[in-house]
Amino acid sequence: MTTSFYDNNAETYATRDRKPPTTRLDAFLAALPKQARILELGCGGGQDCAYMLARGFDVLPTDGSAELARQAEKLIGSPVKVMRFEELAAREEFDGVWAEASLLHVPRADLPSILTLIRNALKENGVFHASFKAGSAEGHDGFGRYYNYPSKEWLRELLVAGGWKGVVINEADGGGYDNKPTSWLYLSTLK
């Protein structure tokens, strides 16, 4: 199970040499009002959260792995809420939602309902960022982690059908924890 991987490897995963994706973070933060309230879904080791906090934003970091949340707390010096995506119950509370390399673990069949919960949590015209490993069919990686591996077209159709505005999806080559070449999809959209 995906959560078991993160629980069992939390310290190694959280303390690896990972720099925040500053170009994407800066673009996301620039689209928000000053001191905006941000929900981070899947904060991992806390590096992105630390970056946003250092720039004066009010961030609620969450992660589905209790062990990974503890690791992030060490880095950011404040609590991380242990929460699975389907437990998101906020209503029009956040100016932005940051989900870097986290929603890619949501089963394809569940993704529409999770995106609805995220939309509900955002204020009107709230900004949503997420990233996914691109592909054509769901599956598991060498560590046993589940991935939904969407195509750019599939993801765009899903977002448009969900009522999102101004959907932008960029594709770029990169890597991941498994050190394998990966095609990434980076989406930005508005409620």
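Because the structure is predicted, anything quoted here is derived from the model rather than measured. By convention here, the first residue in the shown sequence is residue 1.
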Within the distance-only criterion (no hydrogens, no angle test), does the side chain of [X] pair as donor or acceptor with the backbone N or O of [Y] below 3.5 angstrom?
X	Y	result
Ser131	Ala101	yes
Asn120	Arg91	no
Thr62	Glu40	yes
Gln71	Gly45	no
Trp164	Arg156	no
Asn148	Val106	yes
Asp63	Cys43	yes

Considering residues, nucleotides and ligands other than Lys34, do more than 12 of their heavy atoms fall under 6.0 Å from its NZ? no
More than 12 heavy atoms of other residues, nucleotides or ligands under 6.0 Å from CD of Gln35: yes or no? no
Going by atom types alone, do Tyr149 and Asp141 pair a side-chain donor with an acceptor below 3.5 Å?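 The criterion, which ignores hydrogens and geometry beyond distance, is not satisfied for Asp141 and Tyr149.
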Can you check whether Glu171 reaches Ser183 side chain to side chain, under 4.5 Å on heavy atoms?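 SC-SC contact between Glu171 and Ser183 confirmed.
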Side chain proximity check, Leu185 to Leu104, heavy atoms < 4.5 angstrom: no
Would you call the rings of His105 and Tyr147 parallel, tilted or perpendicular, where under 30° means parallel and over 60° means perpendicular? tilted
For Phe128, the option from Leu39, Leu190, Leu115 that meets side-chain contact (heavy atoms from CB on, under 4.5 Å):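 So the option named by the test is Leu115.
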Any ion pair linking Arg70 and Glu73 (charged N to carboxylate O, less than 4.0 Å)? no
If I take atom CE from residue Met83 and atom CG from residue Leu41, how far apart are they, to the nearest 0.5 angstrom?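 Nearest 0.5 Å value for the CE-CG distance: 5.5 Å.
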